[in-house]
Amino acid sequence: PRFVKQYADVGEQIRQAAQGLKAAVARGVIHRDIKPSNLVLTKEGVLKVTDFGLAKMVVADSGLTLTGEVLGSPNYLAPEQASGGTADLRSDIYSLGATLYELLTGRPPFGGPTPVSIILKHVREPVRSPRHFSPDLPVPVVTLTQRMLAKRPEDRPKDYDSLIREMDRLLATLGAAQERQAAPAPAAAVARPIAA
């Protein structure tokens, strides 16, 4: 692919977001409104997760999570949130996957004329492959994006440690591809006359 460096940069930003969300979960906080506008890149290139206005405190040991409310931005809402079910850290992983999808393709996973129509698509419709919009996307990028956007929470990375490990493998793969692209082509053999 021509844009390996861009994909690696986006992957690194999503990895930093996952690290920030992991730190929040360690303090008992689920964000519940992950979207591109809530991820801010500093001048130094460090990504910060912002706007914890919809965040929910959970008691990690008891497994308590919020149920029965639909809160969040329709374009990035996990299916279980969209249907008023239980939201946990895997819901934020879904929203982060929807953000990754938009960063890769220039559009959110689902569109529609109303917020309700978009929310229903998160619950009912399969996500179109990001390659439909960006055909040169590397397969490992597509695979991880689709895993993060799995309808069932149990089919997504189970926690931020798992997601960060997957991101590390992806970034290593992209780094190797970038090095191959940057390597100079071998010099063509030059025919030399045989000395008499």
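On a predicted model such as this, the values are computed, not experimentally measured, just so you know.
In this structure, Glu80 contributes its side chain and Ala87 its backbone to no donor-acceptor pair below 3.5 Å. Although no hydrogens or angles enter the test, the distance criterion places no donor-acceptor pair under 3.5 Å between the side chain of Arg107 and the main chain of Glu102. Remark: side-chain polar atoms of Arg147 are paired, donor with acceptor, to backbone N or O of Asp155 under 3.5 angstrom.
With contacts defined as side-chain heavy-atom distances shorter than 4.5 Å, the pair Met148/Thr145 does not qualify. A heavy-atom distance below 4.5 Å is found between the side chains of Ser162 and Asp159. Under the 4.5 Å side-chain criterion, counting only non-hydrogen atoms from C-beta, Pro138 is in contact with Leu174. Side-chain contact between Gln146 and Val127 is absent, with no heavy-atom pair separated by less than 4.5 Å.
Following chains of ILVMFWY side-chain contacts shorter than 4.5 Å, one cannot reach Val123 starting from Val116, and the two form parts of different hydrophobic clusters. At a threshold of 4.5 Å between side-chain heavy atoms, the hydrophobic network of Ile, Leu, Val, Met, Phe, Trp and Tyr places Leu41 and Tyr7 in one connected group. Cluster annotation: Ile93 and Leu39 are assigned to the same hydrophobic cluster (Ile/Leu/Val/Met/Phe/Trp/Tyr, side-chain heavy-atom contacts under 4.5 Å, transitive).
Looking at Arg90 and Asp92, no side-chain N of the basic residue comes within less than 4.0 Å of a carboxylate O on the acidic one, giving no salt bridge. Contact check on Asp168 versus Arg165 returns no salt bridge, with no Lys/Arg side-chain nitrogen under 4.0 Å from an Asp/Glu carboxylate oxygen.
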Determine, stepwise, if the pair Leu163 / Leu96 fulfils side chain to side chain contact (heavy atoms under 4.5 Å, CB included).
CA-CA 11 Å; Leu163 177 57; Leu96 191 58; 4.1 Å; yes
Taking it one step at a time, do Lys35 and Ser73 satisfy side-chain hydrogen bond (donor to acceptor under 3.5 Å, both in side chains)?
CA-CA 8 Å; Lys35 56 188 175 184; Ser73 300; 2.9 Å; yes
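Contact detail for Ala8 and Leu171: the closest heavy-atom pair is O-CD2, 3.4 Å. In terms of heavy-atom proximity, Ala17 sits nearest to Val49 at O-CG2, 3.9 Å. In terms of heavy atoms, Tyr94 sits closest to Ala78 at CD2-CA, 3.3 Å. Of all the heavy atoms in Leu149 and Gly97, the pair that sits closest is CD2-C, 3.8 Å. Residues Leu104 and Ser134 share a closest heavy-atom pair of O-OG, 2.9 Å.
For the atom pair CG (Leu89) and CG (Leu21), the distance works out to 9.0 Å, reported to the nearest 0.5 Å. Between atom CD of residue Glu166 and atom CZ of residue Arg15 there is a gap of 12.5 Å, rounded to the nearest 0.5 Å. With rounding to the nearest 0.5 angstrom, the CZ atom of Phe133 is 5.0 Å from the CZ atom of Arg128.
Within 6.0 Å of NZ on Lys151 lie more than 12 heavy atoms contributed by other residues, nucleotides or ligands.
Ring-centre distance between His122 and Tyr76: not below the 6.0 Å cut-off.
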